[in-house]
Structure formats: structure tokens, C-alpha cells
**Q** 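So that we are looking at the same thing, I have put the structure below in C-alpha cells.
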Amino acid sequence: MSFQRSKNLFKKAQALMPGGVNSPVRAFKSVGGSPLFFVQAKGAYLKDCDGNDYVDYVGSWGPMILGHAHPKVIAAVQETAAKGLSFGAPCELEIKLAQEVTKRVEMDWVRMVNSGTEALMGALRLARGVTGKNKIIKFSGCYHGHADYLLVEAGSGALTFGQPNSLGVPKEMVTHTLVAPYNDLDRVSHLVKKYGKDLAAIVVEPIAGNMGLVLPEKGFLEGLKKLAHQVGALLVFDEVMTGFRVGWGGAQTYLGLKPDLITLGKILGGGLPVGAYGGKTKYKKALSPEGGVYQAGTLSGNPVAMAAGLATLKLLKTSSYPSLAQKTKRLALGLKRLAEEANVSVQVPWVPGMLALYFSEQVVKNLKEAQSSQVELFKLFFHAMLKKGIYLPPSPYEAWFPSLAHGENEIALTLRAAKLSFREIKAKKK
Ligand SMILES: *Cc1c(COP(=O)(O)O)cnc(C)c1O
């Protein structure tokens with residue numbers, strides 16, 4: 001297996017782009033080595049520029065739940081693009097996508113934007129606007145995009161780089177951001193007691209996918225809702241990752257708890273840049289042009305992105321989710337069993353469509369525990385799998401995303417590679 005062309009391209013890219021990439025985690029910093037450059041993607045597979053094929057578990061970091069290049073999504077994009085890329089004015093596809101979204105996710109209205117980052121910025125401005133308060137509580141290891149005041153103990157790429165607080169963020173920008181460990185209701189209760197008067201929102205990933213995969217403990221999210229409402233703050237579920245993935249209605253229906261505001265992204269655009277936020281009718285009135293909370297976007301709601309999202313959602317049926325859950329479970333349980341057979345301690349938490357692999361003896365409940373897993377073993381495992389044609393997220397703090405295009409065959413290939421890889425890393429560690 002040669003990676004020579006990728007290596008050559010990476011050299012060129014590094015001269016022209018910081019780190020050779022347009023988003024940090026792609027640079028392979030946390031696993032070492034040189035990132036691959038891809039030329040094509042189809043179904044569960046990626047092809048790199050050296051002609052190697054991989055079973056893909058990155059799925060463009062979440063959007064590709066149908067698998068890559070689904071013919072119906074591609075056709076919708078092509079047909080729509082031929083009629084114009086963007087009008088900067090209303091089009092019917094915006095309504096159609098909004099209908100599909102509100103049919104699934106319990107929200108009365110939706111505002112489309114161009115990324116998850118923008119969705120969070122909009123939702124939290126709205127929460128501050130309607131409450132007239134300033135502070136927000138977030139959780140360490142939760143990633144809510146790269147806005148200044150949200151890059152505090154953030155997950156994902158910010159974690160990989162060991163620098164949770166970015167340079168270039170003035171201290172004043174984060175004075176209203178309070179941070180608690182995930183699953184630590186006592187800490188939140190303490191913060192609410194102390195700062196409740198000025199608390200606008202508690203924002204949380206209801207299933208945390210930016211520090212691997214951490215599930216909410218029983219009562220945690222219910223507790224957050226109660227505490228937020230006690231002081232007139234809003235509960236915001238960041239479902240940019242979990243929306244349309246863990247179930248038909250996202251994490252809020254999967255877990256059976258309704259927040260006040262919801263953010264969406266990733267699958268919503270089916271591979272094109274779309275984010276969204278929304279909630280109950282009473283908050284709709286506060287948002288510009290109906291109300292005084294401003295937010296806008298030149299390309300927001302453009303027909304091509306709306307068409308990609310609409311085609312993707314239409315192909316996601318209620319019956320898709322049991323099948324996705326079944327695949328994820330097979331993969332997760334298989335990985336756990338094979339690791340045990342090789343005498344390697346792992347945790348493989350999973351929910352439908354998402355899983356993570358921690359080299360750890362204990363269940364991971366928060367960021368600190370995620371960071372105390374054996375990252376060195378993950379690096380070895382990552383490269384062992386890559387050489388066997390399995391493309392995993394290049395970081396121990398990112399979730400894996402199996403898609404509906406991953407069949408029995410791909411899962412068997414993955415488990416066969418994992419069996420060998422666990423043995424290899426065990427031998428190396430001795
Ligand atoms: C990916 C992600 C974001 C940011 O979305 P972008 O489109 O990358 O800006 C925000 N929140 C969560 C939970 C995410 O997973």
C-alpha cells in the first residue's frame with residue numbers, strides 16, 4: 001500500500017494552507033503520519049489519490065448517513081444546481097426542508113444557516129435575547145463550533161491540540177461562559193445557585209460525540225432542564241451531530257426529553273454546508289425580522305444546499321434506524337469481544353449510528369476520563385487499521401459514524417482488520 005501521492009500533495013498543501021488543511025483534525029496531528037488525500041467516495045468507501053480503497057467511518061464527520069454519493073442526493077443537487085446556485089431571496093425548497101425537519105424534530109420553526117457553528121451562535125444569541133441575561137453553562141469536552149465564547153474546554157479538534165482555549169480569544173469574551181464536567185449535576189447546581197440571576201442558557205450535547213462518545217447518565221439531562229427552568233434560563237440541545245442520526249427525531253426523542261432550543265447541522269445538509277436552529281413558537285417572534293435578535297446569511301437557505309438536505313432526509317425512513325442500530329451494535333460488540341480476545345482493555349460505547357473506542361479499563365463518563373484513556377494505543381490501532389483499508393477518525397476523541405451503506409460485508413471486513421490490529425498493538429506494547 002503506497003501513500004506516496006498523498007505525501008506529495010500534503011507537502012504542497014502545507015506551503016499554501018496552515019497545516020496543509022482547512023480544518024485542524026484532518027492533519028493527523030493526534031495520530032501522527034501524513035493525512036490522505038481522497039479523490040472519490042461511494043457508499044461506505046473512500047478512494048485515496050494513490051488508488052487505495054477504505055471502508056470509511058468518518059462519513060465527513062457525520063453528514064453521510066446514507067453513505068457517500070447516494071444517486072438520489074446527487075441527482076437532486078445536479079437538477080437544482082442547473083437552475084441556479086443561489087438567489088439571495090426565498091425559494092420553495094426552504095419550505096420543503098423546513099417541513100421535513102419539523103416533521104421529525106420537535107420544533108415549531110427553523111432558521112437555516114450554513115454551519116453548526118453558526119447554528120450555535122444564533123441559538124445562544126436568541127437565548128440571551130429572550131431572557132435578557134448573559135451567562136451560559138457549557139460542559140468540558142462538548143464542542144459547539146468555533147465561536148470565541150464557546151472555545152472553552154471544547155472537544156473535537158480543540159482537544160486534540162491540547163489547547164482548549166484558543167489564542168486570539170480575549171478573556172472578556174469568555175467571562176460569561178461557565179464550564180462544568182459532563183454528567184456532574186452537582187457542579188451545575190452550584191453554578192446555577194451562584195450565577196442563576198444572569199443565566200441565559202445551559203447548552204449541552206445530549207449525547208456527547210466530541211470527546212469520543214459519552215452518554216448522559218440517568219437523570220443528568222432532566223436535572224439540567226429543571227435547574228435551567230428554575231432560574232428562567234433555556235435548555236439548548238446541540239444536536240448538530242445527533243440530529244437525524246441516533247433516531248428519527250434525534251437525541252431528544254431517543255432520550256425522551258424536550259429542550260427549549262435545538263441546533264442542527266451535518267446530516268441536515270446531506271454533505272453540503274447547512275446548519276439550523278429552532279424551537280417553540282414564542283421564540284420565533286424574537287428573531288429578526290419578526291423580533292429584535294439579529295442574525296443573517298448571504299447563502300443561507302440556498303436551493304442547492306436545501307435540495308441536498310431534503311433528498312437526504314427523504315431517504316431516511318423511520319425503518320432506517322433499527323437497521324442502523326443493529327449495524328452499530330454488531331460493530332461495537334464485535335470490537336469489544338476481539339479486544340478482549342487479544343487481552344486489550346477497551347470501552348466501546350455506542351448509540352445508533354455512533355460509537356467510540358477508548359483504550360481504557362473503565363466506562364468513560366466525562367472529559368477527564370476520556371483523556372486518561374491510552375491514547376498511544378489508539379494511535380497504533382489507527383495506523384494498523386489504515387493499512388488494512390479501514391479509515392477511522394484520526395483522533396481518539398472523535399466518534400465513528402457507520403452509515404446505512406455499511407453492509408454485513410463492510411462490518412465483517414472491519415472486524416477482521418480489528419482482530420489483527422488488536423493483536424499487533426498488543427505485541428508492540430509488550
Ligand atoms: C460539528 C459540530 C458543531 C460544529 O459544526 P460545524 O458545521 O463544523 O461548524 C457544533 N456542535 C456539534 C455537537 C458538532 O458535532
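Note that ligands are numbered from 1 as they come in the structure, with each ligand's atoms numbered from 1 the same way. Throughout, residue positions are numbered sequentially from 1 according to the sequence presented.
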**Q** Do the charged groups of E290 and K284 touch, with an N to O distance under 4.0 Å?
**A**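 Answer for the salt bridge query: yes.
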**Q** Extract all donor-acceptor atom pairs below 3.5 Å that involve side chains of residues 74-95 and protein atoms in other chains or at least two apart in sequence.
**A**
from: T80; atom 1: OG1; to: A76; atom 2: O; distance (Å): 2.6
from: E94; atom 1: OE1; to: C91; atom 2: N; distance (Å): 2.7

**Q** Does the pair K96/E100 count as a salt bridge with the N-to-O cut at 4.0 Å?
**A**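 Looking at E100 together with K96, the answer is no, because their closest N to O distance does not fall below 4.0 Å.
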**Q** Where does the angle between the aromatic ring planes of Y57 and W400 fall among parallel (under 30°), tilted (30 to 60°) and perpendicular (over 60°)?
**A**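 Y57 and W400: tilted rings.
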**Q** Show which side-chain atoms of residues 225-236 pair as donor or acceptor with protein atoms under 3.5 Å away, not counting sequence neighbours.
**A**
from: K225; atom 1: NZ; to: K258; atom 2: O; distance (Å): 2.8
from: H229; atom 1: NE2; to: D260; atom 2: OD1; distance (Å): 3.3
from: H229; atom 1: NE2; to: D260; atom 2: OD2; distance (Å): 2.7

**Q** Name the residues with a heavy atom less than 4.0 Å from ligand 1?
**A**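 Under the 4.0 Å cut-off, ligand 1 touches S115, G116, T117, Y143, H144, G145, E205, N210, D238, V240, M241, K266.
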**Q** So, using salt bridge (charged side-chain N to carboxylate O under 4.0 Å, His left out) as the criterion, who are the partners of R26 when residues are at least two apart?
**A**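 Once residues adjacent in sequence are excluded, R26 has no partner under the salt bridge (charged side-chain N to carboxylate O under 4.0 Å, His left out) criterion.
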